[in-house]
Amino acid sequence: RQTTPGGPGEQRELGLELQVLADVGLLGLPNAGKSTLIRAVSAARPKVADYPFTTLYPNLGVVRVGMEQSFVIADIPGIIEGAAEGAGLGLRFLKHLQRTRLLLHLVDLAAADGADPAEMVRALQTELVKFDAELVAKPRWLVFTKADLLPPGRAEEMAAAVRESLKWHGEWAVISSVSNTGTRELMQRIMQALSGLDAGQIMETDGSQP
């Protein structure tokens, strides 16, 4: 007895983009030791091999520091020069670092090609700036990896030289994920930093651009 004339329906095209949610994001060149680290500190089991781009998609792991203390860590594929323009897999996965609270910048001290670790850090930071300047503003720690492949004391010497070259005043650590040297201490420091993040107690770079 009562009708309402219908009309054309509404249509809309949406582009949806998936981003992982994690407290800590692992950032580094291919074979920097990201997957090995997440395997060492969590129950995640990403593939590990001695060739670039072993990781092809993000992996999440839960790091438990205490009975009621834990955080989520994200491992993304390695980033190479030109990633912000689409080289390698960087353009697809750099976005997953945007929702993290803290970045761990892994630096391979035992790079087989003899590359300068400081230059590797600079190259990766350039890609972050190109992709999203806010990524550079996130708290970022330098984590020097594969210390077990170097003579005793050599890793610390190289890490000191890199920090001096970069004029780095932020947090850093020297670890070996294979031997678990320094990994537990690093996770505890991260948990403390995340707990104090809202209070502005987390230490980060002084804003200098390597």
Discussion item. Could you measure the distance from the CD1 atom of Ile175 to the CZ atom of Phe144? Nearest 0.5 Å is fine.
Written reply: 11.0 Å
Item to complete: Please report the shortest heavy-atom distance between Gly33 and Ser177, naming the atom on each side.
Response: O-OG, 4.5 Å
Worksheet entry | Nearest heavy-atom neighbours spanning Val162 and Pro117 | CG2-CB, 3.6 Å
Fill in: Evaluation steps, side-chain contact (heavy atoms from CB on, under 4.5 Å), between Trp172 and Val143
CA-CA 6 Å; Trp172 59 277; Val143 178; over 6 Å; no
Practice prompt. Decide yes or no on side-chain contact (heavy atoms from CB on, under 4.5 Å) for Gln69 and Gln188, but give the supporting numbers first.
Written response: CA-CA 10 Å; Gln69 290 184 311; Gln188 291 174 337; over 6 Å; no
Worksheet entry | Whether Lys146 side chain and Val107 backbone form a donor-acceptor pair below 3.5 Å | no
Worksheet item: Tell me, which pairs form a salt bridge (charged side-chain N to carboxylate O under 4.0 Å, His left out) where one or both residues lie in residues 184-196, sequence neighbours left out?
Response: Glu171-Arg189
Discussion item. Testing the basics here: between Ala147 and Val174, what is the closest heavy-atom pair and its distance to 0.1 Å?
Written reply: CB-CG1, 3.8 Å
Worksheet entry | ILVMFWY cluster, Val136 and Trp168 together (side-chain gap under 4.5 Å) | yes
Worksheet entry | Partner residues of Asp148 under the side-chain hydrogen bond (donor to acceptor under 3.5 Å, both in side chains) criterion, sequence neighbours left out | Ser176
Discussion item. To check you understand the geometry: which heavy-atom pair defines the closest contact between Ala32 and Thr145, and what is its length?
Written reply: O-OG1, 2.7 Å
Worksheet item: Hey, are the side chains of Leu166 and Leu142 touching, using non-hydrogen atoms and a 4.5 Å cut-off?
Response: yes
Worksheet, complete the sentence: Closest heavy-atom pair, Asp75 versus Ser35, reported as atoms and distance to 0.1 Å, is OD2-OG, 2.7 Å
Discussion item. Applying a strict under-4.5 Å side-chain criterion to I, L, V, M, F, W and Y, I'd like to know whether Leu186 and Leu149 cluster together.
Written reply: no
Discussion item. Out of the candidates Thr100, Leu103, Asn59, Leu37, only one should pair with Leu26 under the side-chain contact (heavy atoms from CB on, under 4.5 Å) rule; please name it.
Written reply: Leu37
Item to complete: Using a 4.5 Å cut-off on heavy atoms from C-beta on, say whether the side chain of Leu106 contacts that of Leu27.
Response: no
Worksheet item: Under 4.0 Å between a Lys/Arg side-chain N and an Asp/Glu carboxylate O for Asp23 and Arg101?
Response: yes
Under 3.5 Å donor-acceptor pairs involving side-chain atoms of residues 60-67, not counting sequence neighbours:
none

Discussion item. Nearest 0.5 angstrom please: Ile73 CD1 to Ile38 CD1, how far?
Written reply: 5.5 Å
Item to complete: Rounded to the nearest 0.5 Å, what's the gap from CE on Met187 to OG on Ser42? Could you check?
Response: 9.5 Å
Worksheet item: Which pair of non-hydrogen atoms, one from Leu29 and one from Lys34, has the smallest distance, and what is that distance?
Response: O-NZ, 3.0 Å
Discussion item. Going by the rule side-chain contact (heavy atoms from CB on, under 4.5 Å), which residues pair with Glu157 if we only count those two or more places apart in sequence or in a different chain?
Written reply: Arg154
Item to complete: State, with a plain yes or no, whether a side-chain heavy atom of Lys138 is found less than 4.5 Å away from one of Leu102.
Response: no
Fill in: salt bridge (charged side-chain N to carboxylate O under 4.0 Å, His left out) against Glu119, all qualifying residues, sequence neighbours excluded
Arg122
